[in-house]
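Proteins get letters first, then strands, A, B, ... in listed order; numbering begins at 1 in each.
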Amino acid sequence: MSIVTVQLGQCGNQVGHEVFSALCRDICGTHGLCSKKENESYQDSCKERFFCEEESAVPVARAVLVDMEPKVISQTLSMAARSGHWKYSSHSHFCQKQGSGNNWANGYSVHGPRHKEAIMNLVQREAEKCDRLGGFFTVMSMAGGTGSGLGAFVTQCLRDAFPTSFLLNHVIWPYGTGEVIVQNYNSVLTLSHLYHSADALLVHENDVIHKICAQLMNIKHISFRDVNEVIAHQLGSVLQPTHTAGGGSGYSRNPLGDLLEALVPHPEFRMLGLRNIPQMPENSLAYSSFSWPGLLKHLRQMLIAKAQMEEGIDWQVRPPQPGSCRPSTNKPLHFNTSLANLAILRGKDVHGVDLGSFQDPSLYTSWLSPQDAFTAWKTPRAFNKYEKSAALVSNSQFLLKPLDSIVGKAWNMFASKAYLHQYTKFGIQEEDFLDCFTTLEQVISSYTNL
Amino acid sequence: MTQSVVVQVGQCGNQVGCRFWDLALREHAAVNKKGIYDEALSSFFRNVDTRSGDNGPDIYKGKICSLKARALLIDMEEGVVNEILQGPLRDVFDSKQLITDVSGSGNNWAVGHKIYGCQYRENIVEKLRKTAEHCDCLQCFFIIHSMGGGTGSGLGTFVLNLLEEEFPEVYRFVTSVYPSGEDDVITSPYNSVLAMKELNEHADCVLPIENESLFEIVNKIHQMVNSGKLGSTVKPNSLVTSSAGSAKTLQEKPFDAMNNIVASLLLNLTSSARFEGSLNMDLNEISMNLVPFPRLHYLVSSLTPLYTLADVNVPSRRLDQMFSDAFSRDHQLIQADPKHSLYLACALLVRGNVQVSDLRRNIERLKPSLHFVSWNQEGWKTGLCSVPPVGHSHSLLALANNTCVKPTFIELKDRFMKLYKKKAHLHHYLQIDGMEQSCFSEAISSLSDLIEEYNELDATKGGPRIDPSRLQIAI
């Protein structure tokens, strides 16, 4: 099954490019650490999922690139082509001459309707190239104007045009101390709209990735390229082929569907966080070795304590004592209650791994049995040169605090009416803002009461 | 890719404009080694096939044939424009881009705005349309003028009005040189306040500049260069005050050094729109992020570094010094101290080999010493452009929407009132057709309102932070 990726705006295109690079690098390398047959099956599955073998010599990414100004797309296309291992199709991009000016309303109300036909035509073409369409994966930031505003509009169009296809939005949250002054407005508008159209939102926060780059990857002068490479690695560990629980011997034929089934049991809860261990500079890989019990212990505590990475985990946080039937409000404040979790393990000796600790009922809300709330996918084929790696996609209170912070700051600014004239001039009124705030306060409330 | 058009009005406007085109050519020449007409060049220049004469067609790709500036030069005296046309930049402009007259505006805003405005309206509109037609996607008009005289101030603001009427979708960025206290033009307060009303109502963004600040910067550089301090030498063309043809320093005119600073400001402002980077900052983003309320669109600018020392390795500390300097009094282009006033918003446009971690580190470092308004505590807009300016490995332009502009406006108002109370020189204005007493009272009232808006914001500074209560959701 194939996934069509839609890259929106500067961030979306820069990250999207790193993702395809990472996927390609992974299958081109010979670090599978598994049988040749397994490796070939993995490579074929990845290629079918993300690339198209046209008459050209290199695989062509199944992607549509959208931006309102030309510089980033032209850079992205040429970087991919120069790699020699893959490229984008020369007919799958759409750009205009003038950007959205960090204005969500401009992206959503002006550029969206104006360019809907052209963009959806490109998407339709890509979708038709797939033997079986497994769904859409969109990449965007929510701070700017195009990725956020046009991205929200395009997501809606995708939902309307492909009502039965799966739709996973990858959303990048900006640094807390501004990249864009109106980023909180743009974020509130984006998240509330996506909540109504997408199946799920898979979130990466720049602040978190930055810390990983600084402390785990030991990068001194962190560039956006570095940040994007870490994001791409983490996404790759989720998107690359795996064997699902009941999947038998073959790789999953319905990756997005399986993911959504495992993680989104209730439409009110769509925010997915992602953690991946281990993370380290490439040149340290050869000297490190890990055990599965060790990795999983860290991963579990990262989940419980809402840790951003495997260093600095608060080991004091413990789940509430089992046995007593406590209402959710009595749970310790730092503890992260989950709705559903998905662990994806890749590499050596995967099959014997015991994941019982993740099925502890005290980790979860009381609505689902832990058997239903927790899913594990395992693959003996190692990912991106890591002998063993584990990813955890979590529908839990991970993102509650950051979300609350963004909504709080946006509300603060909204109360003073600052910058509103910039939005109203493109047709987004105060009432529209209020609707969006209401939607998100509802989401915050739902997650708080897990 | 978008294009911008520069409209330079009056003596000051044209002198600054001339320096801008000179430095722009130098900047592009340094980056564009192959002589191909690329998108970066097209933002300010047309590529004209002059083999068949000056009226040749535009060439959109391929080798550079003849670059023509996307500019309109307007002056009601001939001296300055004629000098430009006889100087090294004569081939960059063509006669169709000029509007001149002979007698000047007599330092009278009313003459510039009402008389010449009326007289040249059609001519100006026609030429603007022509320039716009040569643009694939016109994004912004840059107006350069001074506030204290007659042409730049009066006719310049007339053109501003015209631009809003004829091209409402195109941004209007105005670079205005404000008169100093010891200005030798007695009526400069009148001209400035009358012009301010127009700026309040019709500009998207105004970058005020004060000559004193430019002068101080020039002096600082002179001292640095001549003192031979630290034993290091300064790279010659790295001075923000140096002209492109630095071999001609002997022929440099006194205002050239100061005007080069303003020209650098405009180049840096547009760099991210022209060149690539990991976090682009387009002109429409500047207006979106820095203007929280329509009339508060006055941005205090500062440029660093002013020069580069000749050592090749630039340690991180020097990079951090660049950020610190951007917030110091000495580097602001108006006489203001943003550190002690209230920030509404701040933009940092970094050029060159600087990464996001350097940016973040410095923002974290400087934030505690700056006061931001309560609803915009993290109000930073940042941009990273990969291409540094000529002679530097990196540079920083800081644009602040800060209440420190208030003193400039208050002083202007005071100087205005001193004259107005005694009705000094008023008859020169009132005798012009279309001018009435109400023009003056409306203008001063507009300025007073603006000052009051800044006062209200200042009043919130340092007060207790009370966050508004959030929406309550029924569970």
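The most heavy-atom pairs under 4.5 Å with chain A, out of B:Leu348, B:Thr2, B:Leu471, come from B:Leu471. With chain A as the partner, the residue from B:Leu359, B:Asp282, B:Val291 showing the most heavy-atom pairs under 4.5 Å is B:Val291. For the options A:Gly101, A:Cys213, A:Ser74, heavy-atom pairs under 4.5 Å to chain B are most numerous at A:Gly101. The choice from B:Pro468, B:Cys137, B:Cys346 that makes the most heavy-atom pairs within less than 4.5 Å of chain A is B:Pro468. Comparing B:Pro294, B:Ser374, B:Gly379 by heavy-atom pairs within less than 4.5 Å of chain A, the highest count is held by B:Pro294. The candidate with the highest count of non-hydrogen atom pairs below 4.5 Å against chain B, out of A:Ile219, A:Asn184, A:Thr177, A:Asn106, is A:Thr177.
B:Ala345 and A:Tyr419 make their closest contact through CB-OH, 3.5 Å (heavy atoms, listed as atom of the first residue, atom of the second, distance). The shortest non-hydrogen separation linking B:Phe293 to A:Ser416 is CZ-O, 3.4 Å.
Neither the backbone nor the side chain of B:Ala347 has a heavy atom closer than 4.5 Å to any heavy atom of chain A. With a threshold of 4.5 angstrom between heavy atoms, A:Asn186 does not approach chain B through any atom at all. For chain A, no part of B:Gln472 is nearby; none of its heavy atoms comes within less than 4.5 Å. Proximity to chain A (any heavy atom under 4.5 Å) is restricted, for B:Tyr171, to the side chain, taken from C-beta onward. Within the 4.5 angstrom heavy-atom criterion, only side-chain atoms of A:Gln14, from C-beta onward, approach chain B. With a 4.5 angstrom heavy-atom cutoff, B:Asn280 touches chain A via backbone and side-chain atoms both. A:Ser446 does not touch chain B: none of its heavy atoms, backbone or side chain, sits under 4.5 Å away. Within the 4.5 angstrom heavy-atom criterion, only backbone atoms of B:Ser469 (N, CA, C, O) approach chain A. For a residue to count as touching a neighbouring chain, one of its non-hydrogen atoms must lie under 4.5 Å from one of that chain's; by this rule A:Phe414 does not touch chain B.
More than 12 heavy atoms of other residues, nucleotides or ligands lie within 6.0 Å of NZ in B:Lys367, so this atom counts as buried by the packing criterion. Annotation for B:Asn353: atom CG does not count as buried by contact number, only 12 or fewer foreign heavy atoms lying within 6.0 Å.
With rounding to the nearest 0.5 angstrom, the CD atom of A:Gln10 is 5.5 Å from the CG atom of B:Leu279. Interatomic distance, B:Ser287 OG to A:Gln422 CD, rounded to the nearest 0.5 Å: 5.0 Å. The CD atom of B:Glu285 sits 10.0 Å away from the CG atom of A:Asn103 when rounded to the nearest 0.5 Å. From A:Glu179, atom CD reaches atom CE of B:Met281 across 12.5 Å, with rounding to the nearest 0.5 Å. In this structure, A:Gln75 CD and B:Glu276 CD are separated by 4.0 Å, a value rounded to the nearest 0.5 Å. Here the straight-line distance linking atom CG of B:Asn284 with atom CE of A:Met68 works out to 12.5 Å at 0.5 Å rounding.
Within the 4.5 Å cutoff, the side chain of B:Gln377 has no heavy atoms near those of the A:Asn412 side chain. Residues A:Ile444 and B:Arg470 meet the side-chain proximity criterion, which asks for heavy atoms closer than 4.5 Å. The side-chain heavy atoms of B:Arg361 and A:Ile222, taken from C-beta on, include no pair separated by under 4.5 Å.
A distance-only check finds a donor-acceptor pair linking the side chain of A:Lys71 to the backbone of B:Ala273 [under 3.5 Å].
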A:Val180 vs B:Met288, test: side-chain contact (heavy atoms from CB on, under 4.5 Å). Steps then yes/no. CA-CA 10 Å; A:Val180 169; B:Met288 172 71 181; over 6 Å; no
